Amino acid sequence: MRNCQLSIVVPCYNEEQAVGAFHRRLVDVLEPMGESFEVCYVDDGSDDLTGSQLTHLASTDERVRYTAFSRNFGKEAAMLAGLRMCRGDSVVLMDADLQHPPELVPRMLEMHRSGYDQVIARRDREGEGLLRSFLSRSYYRTMGHFMDVSVVDGEGDFRLLSRRAVDSVLSLPESNRFSKGIFSWIGFDTVSFTYHNAERVAGRSKWGGRRLLNYGIDGLISFNNRPLRLAIYAGLLLALAAMGYALWIIAGVARNGVGVPGYTSLLTAVVALGGIQLVTLGIVGEYVGRIYCETKNRPHYLVRESSDHPGPPAPDPPIRAGGGASTTSGSTRSRTLRQFIVFAMIGVVNTAVYLAVYATLNNWIPYLASHVIGYCVSIVGSFLLNSFITLRIRPTWRSFLRYPLSSLVNLVLSGALLYIGVSHLGIGKNIAALAAGILATPFSFLVARWAITSGAAASLPPEPEQVTAGTRSGRTGD
Ligand code: UDP
Ligand code: MG
């Protein structure tokens with residue numbers, strides 16, 4: 001039953017530092033308006049104290065309702081849950097990090113009253129990093145060409161929807177939800193206004209490069225089949241070009257006789273065609289994958305508890321060890337595997353860095369000195385990359401001093417394995433060295449991880465788990 005005029009829907013994922021401040025500021029704005037309102041929080045499987053904060057808010061403020069997911073399902077699923085649970089005549093979607101200023105809500109409501117079903121608060125890009133701003137703008141420009149619905153730069157999820165707009169959004173059953181496209185697709189009278197971009201009040205954005213890339217592909221593919229058509233055009237164009245080239249060669253042969261075979265052009269053509277075929281297959285695969293997901297018809301999310309149906313008391317939140325602890329042993333295993341793969345990739349990069357430094361310095365200083373400098377540079381690089389990227393932990397001097405141990409372990413262990421391989425097993429020296437290097441890597445990974453994480457308190461926020469099935473995450477306004 002609908003019993004309030006305004007609902008605020010707030011997806012939250014690891015927002016323990018922001019959600020309290022957000023709620024206070026929101027209530028300070030909404031109370032003087034004299035409207036009846038509710039605030040619907042969705043805890044998207046947070047592994048910090050967000051859940052207990054929401055439970056506390058719901059027990060102290062009867063206008064607060066919440067739903068908590070069984071794990072992180074992504075912002076799109078959280079928004080969907082919020083829209084499903086809210087009961088207001090109009091609904092405002094907002095982020096919990098105060099990047100969507102609550103002070104704009106009265107203005108949105110006013111515009112809605114003058115007849116608009118969607119009121120979009122569009123943020124400017126002031127104060128944003130140059131690279132991010134450039135990438136976002138380019139993304140929207142490209143999207144403008146490729147998508148069947150219009151998505152506008154700066155227009156994100158911060159918007160007011162009338163009840164009939166909410167019902168229309170909820171009537172779309174697809175699993176792969178791309179809200180920006182859905183909001184545009186439902187239509188209705190829409191108006192937007194620009195507001196000044198605000199910084200996150202606390203915590204970190206949950207959007208790393210990989211997530212953004214996935215989101216970009218989602219957007220491109222969810223709302224049209226133009227990439228498929230593009231693949232057809234590219235194929236046709238290449239076939240025509242190949243035919244033209246063949247005619248040109250035949251004419252050359254007719255004029256000058258058979259010359260030296262053109263290996264280079266042949267190889268180039270084969271590689272180029274192979275690449276295009278793979279890309280095309282990838283595009284087709286993306287669509288097939290989506291169809292597969294849709295046919296499974298899985299729910300968009302699973303609810304652990306809600307304010308309407310409170311569950312048993314939540315267990316104490318896990319203490320985050322270095323690199324971010326996860327809540328299940330399965331996810332710990334997959335995190336360790338991910339860390340190991342990244343560690344190995346960084347190892348390859350560092351070998352290249354070492355070789356580049358060594359080869360360059362060799363021109364000016366003795367080769368042994370170049371070796372030492374190259375080695376030191378690669379160790380520092382490896383330490384920083386593994387701290388920030390592999391283990392997402394702020395480096396300390398202590399961990400830096402411990403770190404060379406992993407190289408030592410690698411040296412000793414690979415030496416021992418090499419010796420066993422060559423002297424006892426009779427394996428060839430080169431193969432034995434390669435195998436010894438590979439076998440020693442997991443151990444140097446463990447030592448490196450210990451060196452970086454042992455006793456570390458200042459872990460960076462963990463990257464959220466990638467959602468592999470059902471709804472993918474969405475991002476806010478950029
Ligand atoms: N969020 C969520 N689930 C996720 C990631 C984010 O519910 O998997 C929420 C997050 O708590 C915040 C909003 O979505 O309220 C926007 O997230 P964020 O600030 O990280 O995105 P950005 O502003 O950087 O685009
Ligand atoms: Mg944000």
Side-chain angles (χ1 to χ4, degrees), residues 8-23 25-26 39-51 53-54 66-85 92-102 121-125 127-129 131-133 135-136 139-140 151 153-159 177-180 195-216 218-219 300-304 324 331 460-468 470-478:
I8 310 285
V9 166
V10 193
C12 305
Y13 177 55
N14 289 349
E15 298 288 2
E16 64 177 6
Q17 293 168 309
V19 76
F22 170 82
H23 189 71
R25 209 166 120 188
L26 180 71
V39 191
C40 301
Y41 289 101
V42 181
D43 174 14
D44 183 13
S46 304
D47 46 22
D48 64 359
L49 294 177
T50 306
Q53 293 201 2
L54 294 184
Y66 73 90
T67 291
F69 288 172
S70 60
R71 65 167 172 87
N72 178 239
F73 281 89
K75 189 184 173 194
E76 291 286 351
M79 287 195 299
L80 180 67
L83 290 178
R84 280 181 180 162
M85 78 192 272
V92 178
L93 283 163
M94 296 181 79
D95 286 357
D97 56 7
L98 285 170
Q99 281 193 289
H100 296 165
R122 177 184 176 187
R123 74 182 180 104
D124 62 20
R125 294 209 169 272
E128 194 177 70
L131 181 69
R132 186 165 174 162
S133 173
L135 288 177
S136 302
Y139 172 74
Y140 281 100
V151 287
D153 185 13
E155 287 187 2
D157 304 318
F158 186 22
R159 61 182 69 211
R177 297 185 81 83
F178 180 70
S179 281
K180 283 189 182 72
Y195 70 96
H196 182 55
N197 182 24
E199 284 294 309
R200 197 171 228 290
V201 70
R204 259 170 64 117
S205 169
K206 316 297 181 302
W207 297 93
R210 194 184 51 181
R211 267 198 159 195
L212 276 180
L213 190 67
N214 279 335
Y215 185 63
D218 270 353
H300 297 89
Y301 51 84
L302 294 175
V303 173
R304 182 165 51 81
S331 67
L460 300 173
E463 216 176 293
E465 293 293 316
Q466 179 80 8
V467 176
T468 49
T471 313
R472 278 242 189 89
S473 331
R475 68 183 317 251
T476 44
D478 21 310

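Everything numeric here is computed off the predicted structure, so don't read it as measured data. Order of listing sets the numbers, starting from 1, for every ligand and every atom in it.
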Could you check whether any side-chain heavy atom of Phe158 comes within less than 4.5 Å of a side-chain heavy atom of Met94, counting everything from C-beta outward? yes
Got Val19 and Tyr41 here, is their nearest side-chain heavy-atom distance under 4.5 Å? yes
Sub-4.0 Å atoms of ligand 1 with respect to non-hydrogen atoms of Cys12: 7 (O), 11 (O)
Can you list the atoms of ligand 1 that are under 4.0 Å from a heavy atom of Glu15? 10 (C), 11 (O), 12 (C), 15 (O)
Contact between Asp95 and Lys75 at the side-chain level, heavy atoms closer than 4.5 Å - yes or no? yes
Counting from 1 in the order shown, the ligand 1 atoms closer than 4.0 Å to a non-hydrogen atom of Ala96 are 15 (O)
Any side-chain heavy atom of Arg25 sitting closer than 4.5 Å to one from Leu98? yes
Classify the side-chain pair Thr50/Glu16 by whether it contains a donor and acceptor separated by less than 3.5 Å. no
Considering the heavy atoms of Pro11, write down every atom of ligand 1 situated less than 4.0 Å from one of them. 7 (O), 9 (C), 10 (C), 11 (O), 12 (C), 15 (O)
Note: ligand 1 atoms sitting under 4.0 Å from heavy atoms of Asp44 are 2 (C), 3 (N), 4 (C), 7 (O), 8 (O)
With heavy-atom distances below 4.5 Å as the criterion, would you say the side chains of Asp44 and Arg71 are in contact? no
What part of Val42, side chain from CB on, backbone N/CA/C/O, both or neither, has a heavy atom under 4.0 Å from ligand 1? neither
Minimum-distance N/O/S atom that Asp97 presents toward the Mg ion (ligand 2): OD2
